[in-house]
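Before any comments, here is the structure.
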There are 2 protein chains.
Amino acid sequence: MDRQAVSAELLAVIVAMVDDQPCVLTLGAVPRLPAGPLMPGHRSLQAATRAWVEEQTGRRLGYLEQLYTFVDLDVAQATPRSLSVSYLGLTTPTADTGIGGWRAWYDLMPWEDTRPGTGLLEARITPSILAWAESDPVQAAERRQRCAITFGLAGQPWQTDLALQRYELLYEVGLVPESPAAWRLPEAQLVPGERMVGDHRRVLATGLARLRAKIQYRPVVFELMAQEFTLRQLQDCLEALAGKAVHTQNFRRLVEQQALVEETGAMDASTGGRPARLYRFRREILQQRHAAGTKLPTTRGR
Amino acid sequence: MDRQAVSAELLAVIVAMVDDQPCVLTLGAVPRLPAGPLMPGHRSLQAATRAWVEEQTGRRLGYLEQLYTFVDLDVAQATPRSLSVSYLGLTTPTADTGIGGWRAWYDLMPWEDTRPGTGLLEARITPSILAWAESDPVQAAERRQRCAITFGLAGQPWQTDLALQRYELLYEVGLVPESPAAWRLPEAQLVPGERMVGDHRRVLATGLARLRAKIQYRPVVFELMAQEFTLRQLQDCLEALAGKAVHTQNFRRLVEQQALVEETGAMDASTGGRPARLYRFRREILQQRHAAGTKLPTTRGR
DNA sequence: ATTGCTTTTGCTCAGATATAGCAAAAGCAA
DNA sequence: TTGCTTTTGCTATATCTGAGCAAAAGCAAT
């Protein structure tokens with residue numbers, strides 16, 4: 001049997017909030033995700049990932065979940081060469097920066113932040129992808145639909161967890177420099193955002209999408225929060241992760257109703273306005289029921 | 001660098017409805033999942049899985065999605081030996097059975113079917129796991145909670161998509177024969193259900209859980225249905241997958257409201273009662289919006 | 001002290017959804 | 001025609017959700 005022996009590599013998307021910005025742990029000048037090969041002595045893929053990240057960054061990891069596995073082909077022979085198993089990890093930032101550094105994930109994919117601001121979508125991306133859609137008369141209708149769904153055009157809602165689909169579309173259109181289709185466009189038209197080594201930006205998009213989806217049905221945000229926090233800080237964190245704003249009062253109602261948090265009794269007066277109560281995550285809830293996440297109150301109006 | 005070369009194996013949980021029973025494709029006398037190594041010439045993991053399943057069973061696959069990747073350890077040296085990438089696939093059964101055969105998944109894990117019937121849970125499982133919980137005074141409270149959540153005891157609702165957690169609990173308690181803890185119990189106390197090769201039953205549980213979860217937020221059931229079907233057949237299918245019954249009228253309202261299906265105009269008179277309209281899945285919806293799945297109407301009372 | 005600004009917190013209201021049950025419609029079989 | 005089955009339509013009630021108003025509680029400057 002022509003069974004193929006390949007090397008296996010672990011790849012980690014490690015997320016933390018730094019200065020109220022969602023960041024990802026990267027290494028090197030051209031950013032790359034922490035990674036390392038599977039080696040003898042590793043008892044599991046998860047343990048191996050932990051070991052590599054901790055060795056490369058001097059940081060302890062909390063939450064860690066498997067993302068996706070894909071195969072790297074040998075370019076010349078189109079033969080499997082190595083297997084990459086990617087993981088998503090959540091932590092709180094520590095004082096020492098270790099070897100690696102935190103990089104704001106909206107510097108790496110600015111189009112994922114739709115909070116009031118750049119106008120990047122309207123000004124740059126929408127025209128480009130729509131032009132691409134029309135450029136092939138046969139598939140135009142289908143392509144238009146795809147653009148509308150992934151980027152929330154034509155009355156479609158913006159869906160935060162379609163991050164991967166959006167990256168794939170930009171890649172296909174050639175709007176990111178790492179795409180083979182990028183030569184078709186003048187460099188000035190490319191979408192801003194720092195590129196990464198290999199297909200790491202794609203893996204990052206996968207992690208982003210997974211995190212945004214997961215947050216909605218499992219209480220994982222708290223892995224990113226300090227021990228004590230105000231509801232506003234929690235909201236800011238979720239808004240930063242989702243890249244969109246939510247209705248404050250409804251958000252509070254949702255969180256309190258679910259009994260995800262409890263008051264510590266202390267207050268935080270450094271808010272600039274009325275002092276806010278401090279809360280902590282009720283860890284017991286993980287054992288008391290199969291707790292849901294923090295659904296973001298949506299807006300009706302488009 | 002002591003980089004480890006391992007072999008990679010693909011493993012597939014292929015599901016179809018056969019005679020209104022959810023079944024999984026297995027091979028061999030002691031059931032095992034279709035599998036095969038990653039080989040030169042395979043362009044992707046997904047393609048490799050397709051190839052293997054089609055070769056081993058002579059069956060074309062429709063939907064296919066990656067489940068999970070884990071590493072098999074060399075028992076003696078605790079060194080990684082091979083990587084298994086598991087997939088979940090959905091099809092409709094064809095007339096020819098190929099080499100493999102369909103096996104009802106509730107024969108493999110009877111406890112996952114809670115529709116009126118066996119009383120397996122109350123009579124056999126609940127007492128055993130509660131006894132296990134109490135057997136360690138220190139962890140008793142915690143264990144009791146875990147049992148209650150995973151198996152829906154003490155007022156907790158039964159959650160269909162905790163199939164993996166339930167299997168893991170049974171494994172830990174030693175109620176399944178493949179568990180190393182099974183020696184502690186007399187064989188008559190073991191939970192019924194055919195065992196599988198290696199840890200395939202665990203992989204099956206993973207697939208089951210994923211399918212049950214996925215059905216709720218993406219319209220994948222239709223991959224298991226015939227071209228045309230009555231709403232009752234659709235409901236039967238979902239009930240069989242979820243292993244629990246739902247309120248018929250509300251189910252119909254949910255499905256129609258979402259515009260997931262459209263009438264074909266034809267009727268099916270073979271129902272035994274009033275003839276039912278035939279429907280088909282509106283495939284367009286996949287392109288028109290990011291369509292949701294068929295949420296199962298819940299019941300308030302426990 | 002008062003005014004203005006900010007943020008937190010409490011509350012309400014209308015529209016939408018969900019659960020549950022009643023009952024008629026439409027077939028077959030005895 | 002009667003009894004049985006399944007499909008289908010409809011309604012009452014409870015709950016949830018989106019949206020907005022406004023008071024409470026701090027700080028800073030006047």
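Chain naming here is simple, since letters A, B, ... match the order of the sequence lines and numbering starts at 1 in each.
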Quiz item: The side chain of B:His247 lies closest to which of these nucleotides: C:dG21, C:dT9, D:dG26?
Solution: C:dG21
Self-check item: Counterpart base for C:dA24, defined by Watson-Crick or G-U wobble contacts under 3.5 Å
Solution: D:dT7
Practice problem: To the nearest Å, give me how far apart CD (A:Gln257) and P (D:dG18) are. | Solution: 11 Å
Quiz item: Is the closest side-chain donor-acceptor distance between B:Gln165 and B:Tyr167 under 3.5 Å?
Solution: no
Self-check item: Residue whose closest nucleotide on DNA chain D lies nearer the 5' end, A:Gln249 versus A:Met267
Solution: A:Gln249
Practice problem: Look at the side chain of B:Leu254 and decide which nucleotide, out of C:dA18, D:dT17, D:dT7, has an atom nearest to it. | Solution: C:dA18
Practice problem: Would you kindly give the CD-to-C1' distance between A:Gln258 and D:dT15, to the nearest whole Å? | Solution: 14 Å
Practice problem: Would you kindly give the CG-to-P distance between A:Leu234 and C:dT7, to the nearest whole Å? | Solution: 18 Å
Exercise. To the nearest Å, give me how far apart CG (B:Leu231) and C1' (D:dT6) are.
Key: 12 Å
Quiz item: Atom CZ of A:Phe251 to atom P of D:dT17: distance rounded to whole Å?
Solution: 14 Å
Self-check item: A:Arg124 NZ/CZ over A:Trp111 ring centroid, <6.0 Å and within 45° of normal
Solution: no
Practice problem: Remember a base hit wins even if backbone is also touched, and classify B:Arg232 as base, sugar-phosphate or nothing at under 4.0 Å, heavy atoms. | Solution: sugar-phosphate
Self-check item: Nearest-Å distance for atom pair CG/P, residues B:Asn250 and D:dC10
Solution: 15 Å
Quiz item: Is A:Arg253 touching bases, backbone alone, or none of the nucleic acid, heavy atoms closer than 4.0 Å?
Solution: base
Quiz prompt | Polar side-chain atom of B:Arg166 near backbone of B:Glu112 as donor-acceptor pair, under 3.5 Å | solution = no
Exercise. For A:Arg277, answer base if it contacts any base atom (sugar-phosphate contacts may also be present), sugar-phosphate if it contacts only those atoms, and nothing otherwise; contact means non-hydrogen atoms under 4.0 Å.
Key: sugar-phosphate
Quiz item: What is the pairing partner of C:dA30, taking Watson-Crick or G-U wobble pairs with both distances under 3.5 Å in any strand?
Solution: D:dT1
Quiz item: Considering only heavy atoms and no angle criterion, is a donor-acceptor pair shorter than 3.5 Å present between the side chain of B:Arg274 and the base of D:dT6?
Solution: no
Exercise. Using the salt bridge (charged side-chain N to carboxylate O under 4.0 Å, His left out) rule, take A:Glu263 and A:Arg280 through it: C-alpha gap first, then chi angles, then the decisive distance, then the call.
Key: CA-CA 6 Å; A:Glu263 299 182 26; A:Arg280 77 169 67 89; over 6 Å; no
Quiz prompt | A:Arg252 CZ - D:dA19 P separation (whole Å) | solution = 18 Å
Quiz item: How far apart are the closest heavy atoms of B:Leu231 and B:Phe251, and which atoms are they?
Solution: O-CE2, 3.7 Å
